[in-house]
Chemist: 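I'd like to ask you about the structure that follows.
As the structure is a computational prediction, the values presented were derived from the model and not from experiment. In what follows, every chain begins at residue 1, and chains take the letters A, B, ... in the order their sequences are listed.
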4 protein chains.
Amino acid sequence: MKAFIYLGPSKKAVEDRPKPDIAAPTDAIVRITKTTICGTDLHILKGDVPTCQPGRILGHEGVGVIDKIGPAVTAFKAGDRVLISCISACGKCAYCRRQMYSHCTTGGWILGNTIDGTQAEFVRIPYADTSLYPIPDGADEEALVMLSDILPTGFECGVLNGRVQPGGNVAIVGAGPIGLAALLTAQFYTPAEIIMVDLDDNRLAAAKRFGATKTVNSADGGAVASILAMTGGRGVDTAIEAVGIPATFELCEKIVAPGGTIANIGVHGIKVDLHLENLWSRNITITTRLVDTVSTPMLLNTVQSRKIDPRQLITHRFKFDKILDAYETFGHAADTKALKVIIEAR
Amino acid sequence: MKAFIYLGPSKKAVEDRPKPDIAAPTDAIVRITKTTICGTDLHILKGDVPTCQPGRILGHEGVGVIDKIGPAVTAFKAGDRVLISCISACGKCAYCRRQMYSHCTTGGWILGNTIDGTQAEFVRIPYADTSLYPIPDGADEEALVMLSDILPTGFECGVLNGRVQPGGNVAIVGAGPIGLAALLTAQFYTPAEIIMVDLDDNRLAAAKRFGATKTVNSADGGAVASILAMTGGRGVDTAIEAVGIPATFELCEKIVAPGGTIANIGVHGIKVDLHLENLWSRNITITTRLVDTVSTPMLLNTVQSRKIDPRQLITHRFKFDKILDAYETFGHAADTKALKVIIEAR
Amino acid sequence: MKAFIYLGPSKKAVEDRPKPDIAAPTDAIVRITKTTICGTDLHILKGDVPTCQPGRILGHEGVGVIDKIGPAVTAFKAGDRVLISCISACGKCAYCRRQMYSHCTTGGWILGNTIDGTQAEFVRIPYADTSLYPIPDGADEEALVMLSDILPTGFECGVLNGRVQPGGNVAIVGAGPIGLAALLTAQFYTPAEIIMVDLDDNRLAAAKRFGATKTVNSADGGAVASILAMTGGRGVDTAIEAVGIPATFELCEKIVAPGGTIANIGVHGIKVDLHLENLWSRNITITTRLVDTVSTPMLLNTVQSRKIDPRQLITHRFKFDKILDAYETFGHAADTKALKVIIEAR
Amino acid sequence: MKAFIYLGPSKKAVEDRPKPDIAAPTDAIVRITKTTICGTDLHILKGDVPTCQPGRILGHEGVGVIDKIGPAVTAFKAGDRVLISCISACGKCAYCRRQMYSHCTTGGWILGNTIDGTQAEFVRIPYADTSLYPIPDGADEEALVMLSDILPTGFECGVLNGRVQPGGNVAIVGAGPIGLAALLTAQFYTPAEIIMVDLDDNRLAAAKRFGATKTVNSADGGAVASILAMTGGRGVDTAIEAVGIPATFELCEKIVAPGGTIANIGVHGIKVDLHLENLWSRNITITTRLVDTVSTPMLLNTVQSRKIDPRQLITHRFKFDKILDAYETFGHAADTKALKVIIEAR
């Protein structure tokens, strides 16, 4: 089968690989119909993710059709259409029992990282019963690709951890795909204000279309003052960090109101300064989280009942044999205005 | 009346001052029967608390007897015995409505800070109805002095924010009076382990008597390894920071388990390093809080029903005319083994 | 001044009464600009509310202008436009401290019940600082009349207690004004389905316009079967009872899913059968609540940010001198299709 | 092998049965070392549990040693000592994902009910990885038998659902084994008062030894008045129903304070009267629950750290060949003063 391979820093290729087979009784083999590219895949290609070794098939998102199941799989059968979770969950370990699937002792984020992923014709999915979700009849498959990772990540790490509430105010720092996923799902809780912060006016314009009530371009250094002015000097109840660098996290420290929450989504490579000399007495909460995908069934319900349309995030579509073009487009988002790209089989 | 006065960095004296009078209809004048000294008072004397200006009567803890009430006070009358909260709460502002009395827009921590405090024969208490608590018949007044600040601080900022749970494990970094108050109140929730960390073996011995299941002297640099070994390599569900310096906060970052909480109590003077490069994916929560004293009625219940004995924290007693000696003793705790000192009227 | 008076079962009149005056330092006198009629007022007129004695001025909803304040009122001054809460809260008692204003030991629902109410030119409001809310500049006063009682009641007793969640399903039994207020505010949490149940097709049609995803006319006895069919046989996560009779409560018992909640809003006059022989093992929660109006500031935010339009509930408008006509119209809602009626000064 | 069999109403026997074998890849066969009898077993013997048919081996509690595992079992191997949960959980269905194992679509309470149970030499345990727990080295096996059902039931259905809090007050109606399990585990949260209510002075005396602060014999009809007097007229924050008849549930309705919770544990055979005419405005919560055993790991921690001693509940011990005597003793608890009986292999 054809597969997209990470070959070491800045090296990648589409190569022929053997079709995967069942390795454990709880495995399923899934034929991929649609997949996508994540910002994390770009980090891997730069060589920034040491757990992912050269030779790996990338990809941890997608939908497909069950090709084959192991003898202990009971929830699916060959031919079933399925949504693939970016997190593999054994369903049995102490973390899975607490619904912290991200920290599953034998799973977690392994797809396209420590085992081969979804940017291929077929993929082996461990713990199929607890890591795949049935696709309801009539569901839009492109929309559901957004549920593998980006929507649960924005929702769980940003919105749920950030305790977004009706009538509250929210700032989301970073209007990339993850920040926009937080924006879409924050609206489940009807906050009074959602202020979107970014350096790119294009993305801020997209944010306005997706429901932001206000936008702030932070290029001029005036973001803190603007946001405080927008909130009567008080700051925001929820600050969602969706970039992953010290400057944006420290911006969140300056705009969070007493009693508020900073919910970190960003993947950070270095430490940040935590100004406890200001914050120790301000009754704030800071949270971090690798997505658990525990909200996937709920998100499926909201998509099926048309409360949210994740297809808004999709800007480009490619056939699988053009996946290198897809990476080019996604990798130059400032120019191409790409948010999420869909890669289709055939 | 006699009062203990802050006269500027390293300067203090007992002076004669006029007895305070009602200034607003919601005020009460309280005759102090017992008060104490807080670590914060020592910070003020060093000149570290710029809101507190020379000439101020210090003290934000104590019990006493109502001498006089303003015309809008309805919950108390002259002669009532009362517990004074370190936090003054108007009961009306948006923060008070959310039970965040610490951030009351016209109150908060003002006693012995921006208005005269309790280390005197009499004190004026603003918002008496929502800042004083009736002392039940038969209650031990010394025990209740511990409820002005130290017990609610340990409990709200450490135990409640740290989400201590039955069967969980807890580390408390810092075995001073506040850390020990967290230790006493953590036992309300029956954690399986409470590991106390300090540099002073005396205080660790006290911690053992107060219910710590394990102790770690962090002087040798091996605290992280010891605590991880004690928890099967996993770390603690709750790490309570009760010191207020970067080293102890950063120790908490290293020992918190995935899914766990760091609850900061310490008063920090400078920033700390937050290692998000490690923590971004560990599903942790960090909280800060200035005590709201919202738990005072509950703590009164636990003292009255003998579930906790706060007198354990009291090591020394002085008459008010020896308050300078009391400061000496409390200020040299490593030598005197002082935890809390009681200062009695007359 | 003119006032609407309850004169005993089935007797009512508009009479001249002296203008009220400040009776306690925490009182305010409010000149009413708009008020409305509640279903509870009809119950009083039937003689069903023994706490409300003949001679009483009715009404516990409205907006107005501060005419005069007592000496302990600090949050308002003469001329301020204010929203009147149906619940008077002292802000000091143990219940108010827990935000259970409904059970304030000297307040609660007293307006138009045990003290004179808002269906008059002026009303005395006790505990003004904690029972009135400032009206923001530019706010629509008619919309805000809906925030005195009906919106917080639907929201707190139905939606919050019922734990409405994104992606969940909800049934609201009773499409009167309170049930519709629950319907409007349930949408703050983006449930997948909101099924409205009533006997009146007119009200069900209104429910559809207000956001119900499905409606069920329960006249034919098939409501349980219909609702189970709509939910894949599982039942609803949240069943909100907004009528107050045994038949509707027992309907909720039959449609609640395992793990679900029955949130009672209805004012019940007699006991109901609780079928614990079926429910003991179904992990359900049943809640009751007299509105606390603790959500009023949040609801003001959602109205101001145009997330909800409570004016949808207003079907008729009358000048105060036509208040008897207003009662006629509201009292014959099946014929007049009245939901809420606005009564304006002058 | 020998097994205790239900043969139809009032008929029971010890019979020879074939040793069970693996039927699904997720099964384990466990050799029972210790088991016990539950009140539910007595109900089955009376013919009150229609799901349990004649010919069934009873028993849903116990500890043992793994004899054999199915090919998909990964957490255990032959020879491992295990605690058996009364609830079988597939770990995959929508209910298991929400930690509502009691409603597992292919599991739940099936042991000794719809499949053969633990009162035998061997038992087949479905979903072994998610329905068994490893016994820590050095653990007391008798204590752990109490963790199969009675302790999680008292804790989850009574204490957790009843929101027992530090400083609060609790009444537990029914001092049988389940009520006493609630009493033991309520102390995890340090309530100020735990009032135990029963008709049997023996059991009330046991309750005092186990930590009740007050006891009430309800035989004389004065229980409501006594409990209100003990709580300053206010009632209790938490009322736990541990009997299962209308009189005891309705007693709970009369003693619950405004804002309080009635947590039902009792297995009810008929409906009860819910006095909503009194309760609609009292802001109360009523909960029901079949135990989920989600707290088993936490309870293991508290037993291992000696925070609770479940052996206190054990009054009698029998070898398996005397199991009919064990039933006699347990079935006449008023005379024998039996709480829990241990039945040992061989």
Chemist: Of the backbone (N, CA, C, O) and the side chain (C-beta and beyond), which part of B:Ile270 lies under 4.5 Å from a heavy atom of chain A, both, or neither?
Modeler: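 The answer is the backbone of B:Ile270.
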Chemist: I'd like to know which of A:Val291, A:Leu279, A:Leu276 tops the heavy-atom pair count under 4.5 Å against chain B.
Modeler: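 Maximum pair count with chain B is reached by A:Leu276.
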Chemist: How long is the straight-line distance from CD1 of A:Ile286 back to CD1 of B:Ile286, given to the nearest 0.5 Å?
Modeler: 5.0 Å
Chemist: Can you pull out the donor-acceptor contacts between chain A and chain B, under 3.5 Å, including backbone atoms?
Modeler:
from: A:Ser102; atom 1: OG; to: B:Asn283; atom 2: ND2; distance (Å): 3.4
from: A:His103; atom 1: NE2; to: B:Ser281; atom 2: O; distance (Å): 3.1
from: A:Lys271; atom 1: N; to: B:Glu277; atom 2: OE1; distance (Å): 3.2
from: A:Lys271; atom 1: NZ; to: B:Asp273; atom 2: OD1; distance (Å): 3.4
from: A:Val272; atom 1: N; to: B:Leu274; atom 2: O; distance (Å): 3.0
from: A:Val272; atom 1: O; to: B:Leu274; atom 2: N; distance (Å): 2.9
from: A:Asp273; atom 1: OD1; to: B:Lys271; atom 2: NZ; distance (Å): 3.4
from: A:Leu274; atom 1: N; to: B:Val272; atom 2: O; distance (Å): 2.9
from: A:Leu274; atom 1: O; to: B:Val272; atom 2: N; distance (Å): 3.0
from: A:Glu277; atom 1: OE1; to: B:Lys271; atom 2: N; distance (Å): 3.2
from: A:Leu279; atom 1: O; to: B:Thr288; atom 2: OG1; distance (Å): 2.7
from: A:Trp280; atom 1: O; to: B:Arg289; atom 2: N; distance (Å): 3.2
from: A:Ser281; atom 1: O; to: B:His103; atom 2: NE2; distance (Å): 3.1
from: A:Asn283; atom 1: N; to: B:Thr288; atom 2: OG1; distance (Å): 3.4
from: A:Asn283; atom 1: OD1; to: B:Leu290; atom 2: N; distance (Å): 2.9
from: A:Asn283; atom 1: ND2; to: B:Ser102; atom 2: OG; distance (Å): 3.4
from: A:Asn283; atom 1: ND2; to: B:Asp292; atom 2: OD2; distance (Å): 3.3
from: A:Ile284; atom 1: N; to: B:Thr288; atom 2: O; distance (Å): 3.4
from: A:Ile284; atom 1: N; to: B:Thr288; atom 2: OG1; distance (Å): 3.1
from: A:Ile284; atom 1: O; to: B:Thr288; atom 2: N; distance (Å): 2.9
from: A:Ile286; atom 1: N; to: B:Ile286; atom 2: O; distance (Å): 2.7
from: A:Ile286; atom 1: O; to: B:Ile286; atom 2: N; distance (Å): 2.7
from: A:Thr288; atom 1: N; to: B:Ile284; atom 2: O; distance (Å): 2.9
from: A:Thr288; atom 1: O; to: B:Ile284; atom 2: N; distance (Å): 3.4
from: A:Thr288; atom 1: OG1; to: B:Leu279; atom 2: O; distance (Å): 2.7
from: A:Thr288; atom 1: OG1; to: B:Asn283; atom 2: N; distance (Å): 3.4
from: A:Thr288; atom 1: OG1; to: B:Ile284; atom 2: N; distance (Å): 3.1
from: A:Arg289; atom 1: N; to: B:Trp280; atom 2: O; distance (Å): 3.2
from: A:Leu290; atom 1: N; to: B:Asn283; atom 2: OD1; distance (Å): 2.9
from: A:Asp292; atom 1: OD2; to: B:Asn283; atom 2: ND2; distance (Å): 3.3

